[in-house]
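One structure below.
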Amino acid sequence: MTDTDPPIQHPPIQHAEVTELILDRLRYILDGNGGNPENITPVGKPEFTCYKFPAHVFIRLNAKVTMRHEHGKNTDYPAVTSQEEFRHKTQDAARIISQQDMRRQQVIDIIRARPDRGFGLSGKTVPLKGFTQNLVWHEECGACNHSGKMKCPRCDGRTREVCPTCHGSRLSPCPRCGGVGRTQTPKGPQPCTQCNSTGRIPCAACGSQGQIPCRACGGTGKTICGACHGRGYNSHIAHIEVDATLESSFEPEEMPKMLSHLIGHRAEELFINNELFFCAPPGPKTSALLKAPLGVGETDPASAEKQAEEEERRERNYANGVIPLDFYLGAYFGIFEFNIEGEPTAITVIGEGARPLSSSHFLERLTIKGIKALKRAAHGSLEPVADVARACRYKIWRSVMTEAVLAKPARVIATDLQKQYPVGVSSKTLMEMANSAITVLRHVTRVPRYLGMLTGQAILALFCTYYFFHGGQKSLAYAANGLAQHFSVNLTPDMYLAILYLANALFVYLGYAGSKYLGRAWGRRAQKKIVESIMKDLQTSNGPEEFGSGAGFSSRDLAELPPAGWMKWWSLLFSILIVAICLFLKG
């Protein structure tokens with residue numbers, strides 16, 4: 001919905017329909033939780049009102065500039081004419097956008113297109129992809145006076161240099177006599193005929209000129225400018241990305257404190273649930289009202305002054321790079337009073353769907369026996385199975401136990417139950433009961449886990465007795481010798497000793513791993529047995545469908561056992577002691 005759309009006209013809420021909706025919700029909550037769903041009676045007429053209030057969103061634009069440089073003139077992006085303009089447009093990109101009517105309207109349209117128009121998103125950033133731009137400034141190269149050429153430093157611009165062969169003398173040593181003027185013959189030294197005994201001939205490298213074209217510039221006297229790579233210009237390119245940081249506020253006016261708190265802290269959730277909606281301001285219902293600043297259309301004599309103040313505020317915001325967006329919001333909110341099992345209860349609800357928000361903790365009062373039983377089981381009662389079965393006779397604590405059996409963390413369990421039972425029980429109690437359910441499943445498996453560990457140690461002791469005292473080491477030596485002969489390997493005494501040490505370490509590891517595995521297996525078996533016995537007890541009292549039959553419980557559905565903890569270290573210690581004692585007795 002945009003500001004040019006007609007405002008949503010919400011029909012007045014029928015109190016009878018809301019009352020019946022609340023009654024249905026309360027009947028569902030009471031069903032199976034120690035109360036009779038039919039013993040709910042409303043007290044008086046419910047107070048359910050639509051509150052309309054002005055809301056404000058402040059859009060602060062932020063520009064992120066990334067700079068890069070290229071040699072030559074880049075013509076792919078819009079160019080600025082001066083360094084001053086380039087600096088101004090890159091440093092004040094956000095302010096320039098907010099002060100241009102067309103660009104400012106584009107920003108407003110982007111935020112309006114959101115379902116929440118940015119309300120309730122205080123401190124969050126929204127990217128504005130349509131405002132990404134690139135600017136370029138072509139800087140003339142000062143080193144070459146934007147010609148791209150520099151005077152050759154080797155020849156100083158004279159295009160020629162001294163011949164490296166004759167060093168400017170125009171004559172080079174005679175290659176036949178080596179510059180001595182005489183050559184060796186069978187008759188002895190004779191005058192060189194090539195240089196006429198002078199030892200020097202005209203230099204062929206420079207044509208007897210004494211100079212050659214400069215090898216650095218090719219005889220042109222100019223070289224490519226290193227600062228601009230011969231382009232004459234350097235391009236400074238700015239990549240500008242713009243995003244908007246949102247801040248929102250509203251005017252609660254005569255709104256109840258609870259509703260004001262909800263809108264201030266959970267506006268996003270209220271929009272998702274359609275409990276907060278956009279509407280026209282109080283007064284004539286015309287779509288033009290949403291286009292105007294707040295205050296337009298009111299019959300207050302001071303409306304003109306109010307509008308002038310609003311325009312001044314807007315201009316001040318624009319000057320500071322902030323774009324204001326104003327509209328009206330509405331929310332249905334009410335308080336209902338009921339008698340539940342003879343006890344008066346007040347429930348606050350919000351939205352056209354009358355979602356319950358809070359009430360007295362009547363479920364805690366009705367299910368107090370289940371609460372005490374589950375806490376007692378968690379604190380080590382003598383009959384944990386019976387106590388859990390008592391707690392599971394209430395649907396809400398049965399759900400908690402179900403979530404715990406399915407290996408969910410306590411916080412997840414409390415959150416799920418808060419959605420299922422939004423009123424009647426505090427979040428603190430839900431968290432305590434979730435922790436209690438998890439603790440019960442852990443405590444009832446502690447003894448079987450340690451028994452499994454001791455069984456593993458007993459098996460290790462039997463193996464060690466055979467290995468150390470009944471020929472186990474000799475059998476290992478024969479086996480190692482047989483393998484060595486098969487692979488044509490000659491075993492030395494040191495290698496035999498290393499094999500024995502490795503076997504001892506292997507016994508320690510197998511004892512540790514086997515004890516830990518047996519402990520967890522016995523703990524899982526005890527856990528499944530206890531849960532199935534609880535389910536069997538509940539079958540006789542219309543047990544929960546979510547558990548299914550006790551016989552059909554799969555070990556995959558059970559909660560994960562807690563970490564091995566001390567049992568792990570006890571297993572390792574006992575394994576080391578058993579092997580060490582056997583070695584000591586063996587001598």
Side-chain angles (χ1 to χ4, degrees), residues 374-389 392 400-410 412-413 434-469 472 502-537 547 550-585:
L374 192 56
K375 287 184 176 180
R376 193 164 53 243
H379 287 83
S381 70
L382 298 178
E383 299 179 340
V385 176
D387 284 331
V388 172
C392 287
V400 170
M401 201 69 195
T402 303
E403 301 271 325
V405 167
L406 296 177
K408 292 186 178 180
V412 174
I413 295 174
N435 283 316
S436 297
I438 294 174
T439 303
V440 167
L441 292 178
R442 291 180 177 180
H443 283 182
V444 296
T445 62
R446 182 174 294 171
V447 173
R449 291 172 71 189
Y450 276 95
L451 288 176
M453 180 200 74
L454 293 176
T455 302
Q457 294 299 314
I459 295 173
L460 174 65
L462 291 176
F463 274 108
C464 287
T465 301
Y466 165 75
Y467 175 75
F468 287 104
F469 303 107
L502 182 61
N504 295 338
L506 183 62
F507 270 112
V508 172
Y509 174 76
L510 290 177
Y512 161 74
S515 297
K516 190 170 70 169
Y517 173 78
L518 283 176
R520 292 186 69 83
W522 282 35
R524 178 55 59 89
R525 179 174 176 272
Q527 184 188 62
K528 182 178 180 181
K529 182 179 179 181
I530 289 171
V531 171
E532 287 179 348
S533 66
I534 295 172
M535 296 307 102
K536 192 177 297 182
D537 291 341
F547 276 107
F553 235 92
S554 170
S555 60
R556 294 177 303 175
D557 299 328
L558 296 175
E560 287 293 327
L561 290 171
W566 282 104
M567 188 188 76
K568 175 176 63 177
W569 301 113
W570 283 118
S571 298
L572 181 60
L573 178 61
F574 286 155
S575 300
I576 295 174
L577 285 176
I578 290 173
V579 174
I581 290 172
C582 290
L583 287 172
F584 176 76
L585 294 177

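From Ile578, atom CD1 reaches atom CZ of Phe468 across 11.0 Å, with rounding to the nearest 0.5 Å. Remark: Tyr450 OH to Trp522 CH2 distance equals 15.5 Å, nearest 0.5 Å. In this structure, CD1 on Ile581 lies 10.5 Å from CZ on Phe574, to the nearest 0.5 angstrom. Rounded to the nearest 0.5 angstrom, Leu462 CG and Tyr466 OH are separated by 13.0 Å. Considering CZ of Arg520 and CZ of Arg449, their distance stands at 6.0 Å, rounded to 0.5 Å. Once rounded to the nearest 0.5 Å, the distance linking CG of Leu510 with CG of Leu506 reads 4.0 Å.
The minimum heavy-atom distance between Pro409 and Ile438, with the atom names listed, is C-CD1, 4.1 Å. Closest approach of Ala377 to Pro384, counting heavy atoms only: CB-O, 4.0 Å. A pairwise comparison of heavy atoms in Val400 and Ala437 identifies CG1-CB, 3.9 Å as the closest pair. Across all non-hydrogen atoms, the minimal contact from Ile413 to Lys408 is CD1-O, 3.4 Å. What you find for Val388 and Leu374 is that their closest heavy atoms are CG2-CD1, 4.2 Å. The two residues Gly511 and Leu460 have their closest heavy-atom pair at CA-CD2, 3.7 Å.
Side-chain contact check for Leu518 versus Ile459: some heavy-atom pair is nearer than 4.5 Å. Side-chain contact between Cys582 and Phe469 is present, with heavy atoms from C-beta onward closer than 4.5 Å.
Judged purely by distance below 3.5 Å, without hydrogens or angles, the side chains of Ser575 and Gln457 pair a donor atom with an acceptor atom.
Ring to ring, Phe507 and Tyr467 are close: their centroids are under 6.0 angstrom apart.
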